[in-house]
Amino acid sequence: MLDYAALNALAAVVREGSFERAARALNVTPSAVSQRVKLLEERTGGALLVRGQPCVATEAGLQLCRHVERVGMLEHELRDALPALGMGGEADERVTVRVAVNADSLATWFMAAAAAFAVQEEATLLDLTVDDQDHTAERLRSGAVLAAVTALAQPVAGCNSEALGTMHYVAAASPEFVKRHFAQGVGARTLASAPSLVFDRKDRLQARWVRRICHRNVETPRHWIPSPNAFVEAACAGMGWGMHPASMVADAIREGTLVELVPGSTLPVPLYWQQARAAPQLLKRLGAAVRAAATSGPHALA
């Protein structure tokens with residue numbers, strides 16, 4: 001029989017990042033958390049945590065964390081179905097659901113889904129991990145999350161994949177920037193000298209758009225700006241050109257604060273919702289909220 005007090009302690013350390021914060025979350029002492037994790041490691045015969053700032057789970061630790069999260073969701077549903085079971089003890093902690101989502105979705109349509117789900121499921125907490133849409137599926141493969149918004153259509157092993165729609169990106173910059181850098185037109189030569197805006201080292205949207213326009217790869221100077229809102233602000237301020245979600249910059253383009261580099265050259269990025277195939281009902285309800293948000297509202301996917 002598994003020691004769920006010890007499993008909850010391990011999951012809390014991974015979730016909170018330290019023994020001290022885990023102890024506060026569990027309302028026990030740090031030494032109690034440490035002892036529980038140590039006993040669990042002795043039983044499994046290996047390290048479950050890499051101690052540091054923050055503490056992170058080993059592969060074996062991740063497997064146990066995935067297990068205790070699923071058990072927590074199942075117990076949550078069982079208490080809803082059988083209220084006579086009552087409340088009390090560590091088993092009644094709020095359930096945390098870990099989800100990976102790309103930054104542009106989080107900045108546009110996804111928060112409507114998260115908010116709707118949180119209002120409906122008050123005993124559930126969301127732990128959102130931000131990663132590039134081409135890499136969120138890796139979080140599913142590793143077991144770091146139970147669901148993800150991803151650009152990968154092929155289901156990850158053990159998961160279902162459902163199309164959400166397409167996010168369209170537009171290459172845009174301020175009128176002054178375009179006049180300064182693209183007076184001779186948008187091509188390989190001008191793109192090679194005009195500063196571009198890139199979200200992070202995983203962001204390939206600008207490179208993909210340049211390849212479509214120039215029919216070859218072109219190295220562009222880069223500003224690194226890892227914030228969707230700051231990304232738009234930087235473009236409006238004339239720092240560089242970048243690929244923006246069309247719905248996010250529609251007003252700026254309509255008002256003339258931003259202009260398209262090549263009108264009509266949007267870059268479509270299909271998005272999918274993947275979640276564990278053997279998902280508890282709680283996760284399925286989250287999926288329903290995600291699908292609803294992706295297809296309605298001012299930032300709905302096409």
Side-chain angles (χ1 to χ4, degrees), residues 100-110 130-138 149-153 163-272 298-302:
V101 59
N102 60 308
D104 288 332
S105 289
L106 188 61
T108 52
W109 64 271
F110 189 85
V130 176
D131 205 343
D132 185 86
Q133 63 271 3
D134 291 326
H135 295 267
T136 48
E138 294 300 326
V149 175
T150 175
L152 180 68
L164 292 174
T166 300
M167 180 170 280
H168 291 272
Y169 286 84
V170 57
S174 71
E176 295 77 13
F177 183 90
V178 171
K179 187 182 301 183
R180 188 164 67 250
H181 291 279
F182 297 114
Q184 304 303 315
V186 178
R189 184 180 61 82
T190 51
L191 286 167
S193 63
S196 63
L197 307 175
V198 180
F199 188 83
D200 61 19
R201 268 66 181 176
K202 296 178 180 178
D203 181 7
R204 301 297 300 162
L205 291 175
Q206 284 69 219
R208 287 169 57 187
W209 183 84
V210 167
R211 192 161 53 247
R212 287 184 63 182
I213 296 300
C214 301
H215 307 292
R216 64 183 178 88
N217 294 329
V218 177
E219 282 297 314
T220 63
R222 302 176 183 91
H223 292 296
W224 304 96
I225 303 180
S227 163
N229 292 327
F231 200 92
V232 175
E233 290 179 14
C236 292
M239 278 185 66
W241 71 272
M243 301 301 296
H244 309 272
S247 66
M248 196 172 184
V249 296
D251 289 343
I253 289 177
R254 184 166 49 251
E255 295 164 1
T257 309
L258 291 175
V259 295
E260 290 188 63
L261 267 61
V262 180
S265 63
T266 57
L267 181 68
V269 178
L271 295 176
Y272 302 85
H299 297 292
L301 303 177

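- Side chains of Met239 and Phe177 form no contact here, defined as non-hydrogen atoms less than 4.5 Å apart.
- Distance CD1/Ile213 to CZ/Arg208: 13.0 Å, rounded to 0.5 Å.
- Nearest heavy atoms, Ala192 versus Pro221: O-CD, 3.3 Å.
- If you take CE on Met248 and OH on Tyr169, they are separated by 9.5 Å, rounding to the nearest 0.5 Å.
- With rounding to the nearest 0.5 angstrom, the CZ atom of Phe182 is 4.5 Å from the CG atom of Leu191.
- When the shell of 6.0 Å around NZ of Lys179 is examined, it contains 12 or fewer heavy atoms from other residues, nucleotides or ligands.
- At distances below 3.5 Å, at least one donor-acceptor pair connects side-chain atoms of Arg212 with backbone N or O atoms of Thr266.
- Here the shortest heavy-atom pairing between Asp203 and Gln206 reads OD2-NE2, 3.1 Å.
- Residues Ala188 and Cys214 share a closest heavy-atom pair of N-SG, 3.6 Å.
- Remark: side-chain polar atoms of Glu176 are not paired, donor with acceptor, to backbone N or O of Arg180 under 3.5 angstrom.
- Checked by atom type and distance alone, the side chain of Gln133 never pairs as donor or acceptor with a backbone atom of Leu271 at under 3.5 Å.
- Looking only at distances, a side-chain donor or acceptor of Thr190 sits under 3.5 Å from a matching main-chain atom of Gly185.
- Taking 4.5 Å as the limit, some side-chain heavy atom of Val232 sits within range of a side-chain heavy atom of Val249.
- Of the listed residues (Asp104, Val130, Asn102), just one forms a side-chain contact (heavy atoms from CB on, under 4.5 Å) with Pro228, and that residue is Asp104.
- Judged by distance alone, with hydrogens and angles left aside, the side-chain atoms of Thr166 form no donor-acceptor pair with the main-chain N or O of Pro268 at under 3.5 Å.
- Taking both residues in full, the closest heavy atoms of Ala246 and Val170 are given as CA-CG1, 4.1 Å, listed atom of the first, atom of the second, then distance.
- Here the two rings, on His244 and Phe231, have centers that are under 6.0 Å apart.
- How far CG of Leu267 is from CE of Met167: 12.0 Å, rounded to the nearest 0.5 Å.
- In this structure, Trp109 and Leu164 have side chains that are in contact, with non-hydrogen atoms separated by less than 4.5 Å.
- Judged purely by atom type and a 3.5 angstrom limit, Trp209 uses its side chain to pair as donor or acceptor with the backbone of Ser265.
- If you take CG on Asp251 and CG on Leu258, they are separated by 10.5 Å, rounding to the nearest 0.5 Å.
- In summary, Arg204 and Asp134 do not engage in a salt bridge, as defined by a charged side-chain N under 4.0 Å from a carboxylate O.
- No donor-acceptor contact under 3.5 angstrom links the side chains of Thr108 and His299, judged on distance only.
- Here the closest non-hydrogen pair linking Ala194 and Trp241 is O-NE1, 3.9 Å.
- With rounding to the nearest 0.5 angstrom, the OG atom of Ser196 is 11.5 Å from the CG atom of Leu205.
- Here the closest non-hydrogen pair linking Val210 and Thr220 is CG2-CG2, 4.4 Å.
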